[in-house]
**Student:** 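Provided herewith is a single structure, encoded as structure tokens, for subsequent inquiry.
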Amino acid sequence: MDGKTPDFYPEGALVAVLTTQPLDRALDYRAPEGGCFLGAFVEVPLGPRRVQGVVWGPGQGDYDLSKVRGVSRVLDTAPMRDEMRSFLERAAAYTLTPLPAMLRLATRAPGLGDPPSMRKVYRLGEGRPDRMTEARTRVLEAAADLGGLALTLGELAEAAGVTPSVVKGLLPSGAILEEESPRDSPFPLLDPDLPGKALTDDQAAAAEVLRAGQSAGRYGTVLLKGVTGSGKTEVYLEAVAACLRQGRQALVLLPEIALTAEFLTRVEARFGAKPAEWHSGATLTERRRVWKMVAEGQAQMVVGARSALFLPFQRLGLIVVDEEHDGSYKQEDGVLYNARDMAVLRASMLEAQVVLASATPSLESWANADAGKYRRLDLTARFGAAVMPEMRTLDMRDVALPADRWISPALARAVTVRVEKGEQALLFLNRRGYAPVTLCRACGQQVGCDHCDARMVEHRFLKRLVCHQCGETKPMPTACPSCAAEDRLAAVGPGVERLAEEAAALFPEARIAVLSSDLYGTARELKAQIETIAEGGADIIIGTQLVAKGHNFPLLTLVGVIDADLGLQGSDLRAAERTFQLMRQVAGRAGRTEKPGLALLQTYQPDHPVIRAILAGDEESFWRAEAEARRTAGMPPYGRLAGVILSSEDVQKVFDLGNHLARNDAALRRVGAEVFGPAPAPIARVRGRHRVRLLVKAPKGAALQGALADWAGQVRLKGDLRMAIDIDPQSFF
Ligand code: ADP
Ligand code: ZN
């Protein structure tokens with residue numbers, strides 16, 4: 001084991017316990033009977049309640065000693081490691097998050113407080129009781145039905161429809177046996193020495209660098225850049241293999257749960273068993289098992305969503321962030337953190353390696369590689385016969401389409417050709433639902449959300465209107481909510497569901513599948529649909545950005561982008577970067593096997609510099625130009641930003657606070673930072689709360705967090721006023 005042995009506090013010693021309660025500090029308690037280790041997970045009394053916490057260090061001793069209470073009990077879980085405590089402290093300081101909220105991310109393990117790691121289970125034995133009752137017979141029958149399988153007391157009693165005492169009554173005779181069984185079982189061993197695929201020269205060279213980085217046993221970040229299908233996954237699995245050989249644990253972060261199924265299968269093919277899985281779709285039992293086994297070093301590899309970064313790894317040696325540019329690595333509510341950046345922080349504290357994989361890196365990572373902070377590895381060719389698709393624009397200015405049609409004749413012809421050949425075509429539109437706007441033809445009003453300044457989006461599949469901001473839904477009305485006119489509501493603009501309707505009319509013979517996250521009840525259903533499509537279960541795929549995220553559809557040879565201009569409209573700092581990434585990613589779905597791919601981009605601005613850069617495929621020029629523009633403007637990654645969102649139900653109060661903060665900006669000016677605003681946030685009302693935004697801009701090296709803390713600390717938030725500070729904001733809503 002690495003790290004130093006934890007300090008120990010004997011019974012009665014003062015310890016500081018940090019809980020997940022919103023308090024501004026750790027509280028003093030006395031170590032319980034038997035003492036406790038630094039980092040121990042404990043339960044402590046807090047007011048009338050008992051809460052869980054972690055022994056964070058020696059007590060402060062600044063509280064009336066006669067009133068200090070004792071730790072109630074130490075939980076049956078390995079103590080939190082020093083490294084994890086420091087990581088949480090540094091992550092909290094970076095993101096300006098209170099430490100208790102940070103701790104909550106690291107203790108999202110259901111059943112953490114469950115007493116024993118062993119539990120009693122019950123199964124059928126050989127004996128027979130002297131006296132049989134109807135209830136006892138039912139227990140024995142239920143146990144016999146299980147064929148030797150053991151259940152907990154509660155489970156067996158429920159299966160038999162009896163009380164637990166009936167089951168217990170069968171123990172003395174040996175008719176039912178009671179045994180100890182581990183609550184959570186270790187994960188099957190992964191074998192890093194099973195043969196991997198024979199790598200191409202490019203791939204082998206990249207894999208060698210990662211292996212060397214792994215053996216060095218030092219922190220280092222590698223940007224693994226390669227077009228979709230170039231074998232990045234094959235390459236970083238070699239880094240995983242090297243890490244496992246060292247007896248260290250590996251973490252692979254994926255941006256999308258739906259991607260894990262395919263990935264798990266690949267891991268199984270490579271290492272002979274599936275790794276542990278950590279995401280919101282997993283059951284509580286699975287999550288508890290993963291958390292505990294990760295802590296005990298009994299899970300060698302974890303595949304998961306961003307929150308997996310806060311698992312209690314015992315000896316983490318490698319973190320892979322796949323599709324590192326993906327926006328979903330940024331958590332946008334609660335604790336505002338970027339999992340990619342926190343991965344780098346955590347690895348640097350552990351002497352672990354980070355691999356950031358992407359076909360279209362974020363400008364931040366590109367710039368870090370450019371500056372020599374990250375090592376960059378390029379895979380330039382697609383594996384095998386596959387080549388990058390040809391890309392062309394379709395100039396929509398020349399096309400006269402009816403108002404409710406979005407597929408141009410040229411795109412339709414291309415689709416028909418592919419479908420007739422038995423290949424797949426993807427129509428890409430980054431808009432969920434049926435239509436983005438529902439308009440009343442009588443009064444001209446658009447139907448909006450009652451709680452947000454957002455339009456309600458019609459989801460015809462659900463027969464409801466949905467607010468994409470707050471999630472509020474209501475049945476599709478027949479009368480206008482504004483003027484009450486009956487049957488005058490009209491859908492305006494396209495969403496994927498409406499596009500599917502158009503496609504069905506244009507291509508009556510084709511099998512059409514819509515891939516949009518909201519059409520599937522569960523992650524499992526979505527996975528199943530993706531697998532069906534990959535196996536050829538559809539001719540035309542209609543999808544939102546969900547499809548851009550690394551799914552492998554071997555039969556797909558045509559990508560039609562319905563509205564390539566969509567992402568360019570906002571004033572967002574990252575509009576160009578995002579559009580570039582998304583269009584390249586989507587186009588990259590086509591032609592992943594021998595059959596050549598074609599990407600057609602419908603656009604009204606074929607001469608827009610971003611559209612031209614996408615077509616030219618000259619990525620380095622694009623990054624360089626974009627980097628230069630940001631450098632000149634002092635924008636990230638060449639300057640620093642923090643977004644501050646103030647909210648309240650009272651619009652006056654929230655503007656008053658914003659103005660007060662904007663005027664009293666001395667703390668910010670001291671570090672060379674400027675504050676802009678207040679201005680209404682782009683979405684000025686969410687869930688009934690008015691939102692006002694300030695933007696703080698600082699030079700690159702500025703000690704921004706300290707200045708922000710001082711600045712924000714000048715005001716007391718009274719009533720329902722809230723302030724959220726977003727360091728390195730990704731989007732501006
Ligand atoms: P990326 O992660 O860059 O998108 P993948 O690693 O998924 O690329 O590779 C694309 C496809 O090519 C996968 O089906 C993968 O198994 C296959 N592939 C890549 N490299 C090799 C190789 N050296 N030998 C055999 N198959 C390979
Ligand atoms: Zn809403």
Side-chain angles (χ1 to χ4, degrees), residues 194-211 222-242 250 252-256 258-272 275 301 303 318-326 329 354-362 365 376-389 424 426 527 530-531 533-536 545-557 559 581-597 599 617 619:
L194 288 177
K197 297 206 165 102
L199 299 182
T200 64
D201 290 350
D202 258 18
Q203 293 173 345
E208 192 42 48
V209 173
L210 296 185
R211 268 196 295 270
V222 174
L223 173 61
L224 178 60
K225 180 176 178 310
V227 294
T228 356
S230 57
K232 293 185 295 298
T233 312
E234 299 298 337
V235 170
Y236 73 64
L237 284 179
E238 292 311 305
V240 172
V252 175
L253 298 179
L254 299 178
E256 176 72 46
L259 284 173
T260 46
E262 186 188 329
F263 184 75
L264 295 179
T265 313
R266 284 179 75 168
V267 172
E268 192 175 18
R270 176 68 183 79
F271 300 125
M301 177 178 182
V303 176
L318 171 69
I319 307 177
V320 176
V321 185
D322 201 352
E323 311 282 349
E324 68 89 28
H325 61 277
D326 198 284
Y329 284 121
V354 180
V355 176
L356 306 177
S358 175
T360 52
S362 59
S365 297
R376 177 165 157 179
L377 297 173
D378 280 72
L379 297 176
T380 46
R382 285 192 151 184
F383 177 71
V387 288
M388 268 309 271
Q424 285 175 332
L426 164 69
K527 277 186 204 170
I530 287 171
E531 278 163 31
I533 294 175
E535 285 157 12
Q545 67 172 2
L546 186 67
V547 298
K549 295 190 177 182
H551 303 290
N552 208 344
F553 299 126
L555 297 172
L556 185 71
T557 56
V559 170
Q581 286 162 342
L582 190 58
M583 292 300 115
R584 303 274 312 167
Q585 293 276 342
V586 172
R589 298 297 112 209
R592 297 201 46 169
T593 48
E594 308 76 50
K595 301 190 185 82
E619 301 178 43

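Both ligands and their constituent atoms are indexed starting at 1 by order of listing.
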**Student:** Could you see which bit of K197 sits under 4.0 Å from ligand 1, with heavy atoms only: side chain, backbone, both or neither?
**Tutor:**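 Contact part for K197 vs ligand 1: side chain (C-beta onward).
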
**Student:** Within ligand 1, which atoms have a heavy atom of V227 less than 4.0 Å away?
**Tutor:**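 What qualifies from ligand 1 is 3 (O).
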
**Student:** Do E238 side-chain atoms and A204 backbone N/O form a donor-acceptor pair below 3.5 Å?
**Tutor:**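 A pair under 3.5 Å: no.
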
**Student:** Minimum distance, heavy atoms only, to atom 7 (O) of ligand 1: which one of R266, K232, E234 is it?
**Tutor:**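 Minimum heavy-atom distance to atom 7 (O) of ligand 1 goes to R266.
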
**Student:** Between G226 and ligand 1, is there a nitrogen or oxygen pair with a distance under 3.5 Å?
**Tutor:**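 The answer is no, given that G226 and ligand 1 share no N or O pair closer than 3.5 Å.
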
**Student:** Considering residues at least two apart in sequence or located in another chain, which fulfil the side chain to side chain donor-acceptor pair (under 3.5 Å) criterion with Q424?
**Tutor:**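 Testing Q424 for side chain to side chain donor-acceptor pair (under 3.5 Å), a comparison that skips the adjacent residues, returns none.
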
**Student:** Determine, for E234 against R270, whether the closest basic-nitrogen to carboxylate-oxygen distance falls under 4.0 angstrom.
**Tutor:**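 No salt bridge links E234 with R270.
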
**Student:** Specify the closest pair of heavy atoms between K232 and K225, including all atoms of both residues, with the distance to one decimal.
**Tutor:**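 Nearest pair, atom of K232 first, then K225: CD-C, 4.4 Å.
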
**Student:** How long is the straight-line distance from OG1 of T233 back to CG of D322, given to the nearest 0.5 Å?
**Tutor:**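 If I round to the nearest 0.5 Å, the distance is 5.5 Å.
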
**Student:** Which of the atoms in ligand 1, numbered in the order shown and given with their element, are less than 4.0 Å from a heavy-atom of A198?
**Tutor:**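 Counting from 1, the qualifying ligand atoms are 22 (C), 23 (N), 24 (N).
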
**Student:** Would you please name every residue forming a side-chain contact (heavy atoms from CB on, under 4.5 Å) with V209, sequence neighbours left out?
**Tutor:**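 Applying side-chain contact (heavy atoms from CB on, under 4.5 Å) to V209 gives R375, L377.
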
**Student:** Looking only at heavy atoms, is any part of A357 under 4.0 Å from ligand 1, and if so is it the side chain, the backbone, or both, or is it neither?
**Tutor:**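 Contact part for A357 vs ligand 1: neither.
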
**Student:** Could you list the atoms of ligand 1 found under 4.0 angstrom from a heavy atom of G231?
**Tutor:**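 This gives 1 (P), 3 (O), 5 (P), 6 (O), 8 (O), 9 (O), 19 (C) as the contact atoms.
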
**Student:** Which is closest to atom 4 (O) of ligand 1 in terms of heavy atoms, A269, G229, A204?
**Tutor:**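 When every heavy atom of A269, G229, A204 is considered, G229 comes closest to atom 4 (O) of ligand 1.
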
